[in-house]
Amino acid sequence: MVRETNFGTGHDKLRAMRDAEYPGGVVVDPTPITAGEEITIFYNGLLSQGGAREIYLRVGFGSAYDWQNTTETRMSRTNWGFVKTMEIPDKGRFNFCFRDNAYNWDNNYGHNWSFEIHNGNRH
């Protein structure tokens with residue numbers, strides 16, 4: 001399911017995500033993250049600024065300190081940065097970091113990125 005985003009759609013969305021200049025060059029949209037909905041992860045951080053040709057998104061769920069169901073997928077390169085769109089399962093917490101094709105990592109100075117996944121109920 002796709003929900004309205006904070007940055008629009010298409011190329012305008014990617015340009016707006018880059019222009020937001022979020023810390024570390026990482027933007028997740030929409031937030032808060034809701035289980036079963038699609039999100040876009042935008043990356044224009046250290047690795048892409050260092051000239052990386054490929055960026056991979058490493059994802060895990062659960063505790064920020066004990067990732068479960070870990071996967072890694074290549075992000076798409078755009079004129080504005082690297083991007084990956086994915087549907088979020090109901091797994092409690094969404095954790096991620098990045099690596100380039102030479103296995104250099106951007107893990108937010110050892111903190112990674114971590115977001116709570118909401119179930120959609122408003123209590």
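If you read the sequence from its start, that first residue is 1, and numbering goes on from there. Values below: every heavy atom of this structure, side chains too, minus hydrogens, waters and symmetry copies.
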Q.
Quick check on the hydrophobic clustering: are Tyr65 and Ile117 connected, directly or via other members, by side-chain heavy-atom contacts under 4.5 Å?
A. no

Q.
I'd like to know whether the aromatic ring centres of Tyr56 and Phe98 sit less than 6.0 Å apart in this structure.
A. no

(Q) In this structure, would Leu46 and Tyr22 fall into the same cluster of hydrophobic residues linked by side-chain contacts under 4.5 Å? (A) no

**Q.** Smallest separation among heavy atoms of Phe96 and Asn112, with atom names
**A.** O-CB, 3.6 Å

Q: Kindly give the cluster partners of Tyr103, where membership spreads through any ILVMFWY side chain lying under 4.5 Å from a current member.
A: none

Q.
If we check side-chain contact (heavy atoms from CB on, under 4.5 Å) with Ile88, which of these qualifies: Val59, Val28, Ile33?
A. Ile33

Q) With side chains defined as the heavy atoms from C-beta onward, is the minimum distance between Trp80 and Phe42 less than 4.5 Å? A) yes

(Q) Under a 3.5 Å threshold, yes or no: a donor from one side chain and an acceptor from the other, between Arg93 and Ser114? (A) yes

Q. Sub-3.5 Å donor-acceptor pair from the side chain of Asp100 to the main-chain atoms of Ala102, do we have one?
A. yes

Q) Of all residues at least two apart in sequence or in a different chain, which pass the side chain to side chain contact (heavy atoms under 4.5 Å, CB included) check with Lys84? A) Leu57, Thr73, Met75

Q: With the side chain counted from C-beta on, respond yes when Arg99 and Asn104 share a heavy-atom pair under 4.5 Å apart, and no when they do not.
A: no

Q: State plainly whether one hydrophobic cluster holds both Val26 and Phe115, where clusters connect Ile, Leu, Val, Met, Phe, Trp and Tyr through side-chain heavy atoms under 4.5 angstrom apart.
A: yes

Q) Partners of Arg77 by salt bridge (charged side-chain N to carboxylate O under 4.0 Å, His left out), sequence neighbours excluded? A) none

Q. When rounded to the nearest 0.5 angstrom, what distance separates OG in Ser48 from CZ in Arg18?
A. 11.5 Å

Q: Please tell me if the side chains of Asp29 and Met17 come closer than 4.5 Å, counting only heavy atoms from C-beta onward.
A: yes

Q: Could you tell me whether a side-chain N or O of Thr34 sits under 3.5 Å from a main-chain N or O of Glu37, the two making a donor and an acceptor?
A: no

Q | side-chain contact (heavy atoms from CB on, under 4.5 Å) partner of Ile41, chosen from Trp113, Phe82, Phe94 | A | Phe94

Q. Could you give the distance from CG (Asn107) to CG (Asn95), rounded to the nearest 0.5 Å?
A. 12.5 Å

**Q.** Sub-4.5 Å side-chain heavy-atom contact between Glu54 and Arg74
**A.** yes

Q: Could you walk me through whether Asn69 and Lys91 pass side chain to side chain contact (heavy atoms under 4.5 Å, CB included), step by step?
A: CA-CA 9 Å; Asn69 301 21; Lys91 302 261 186 193; 2.9 Å; yes

Q.
For the CG atom of Leu14 and the CG atom of Asn79, what is their distance to the nearest 0.5 Å?
A. 9.5 Å

Q: Would you please say whether a donor-acceptor pair under 3.5 Å links the side chains of Asp106 and Tyr43?
A: yes

Q. Hey, what do you get for CG (Leu47) to SG (Cys97), rounding to the nearest 0.5 Å?
A. 10.0 Å

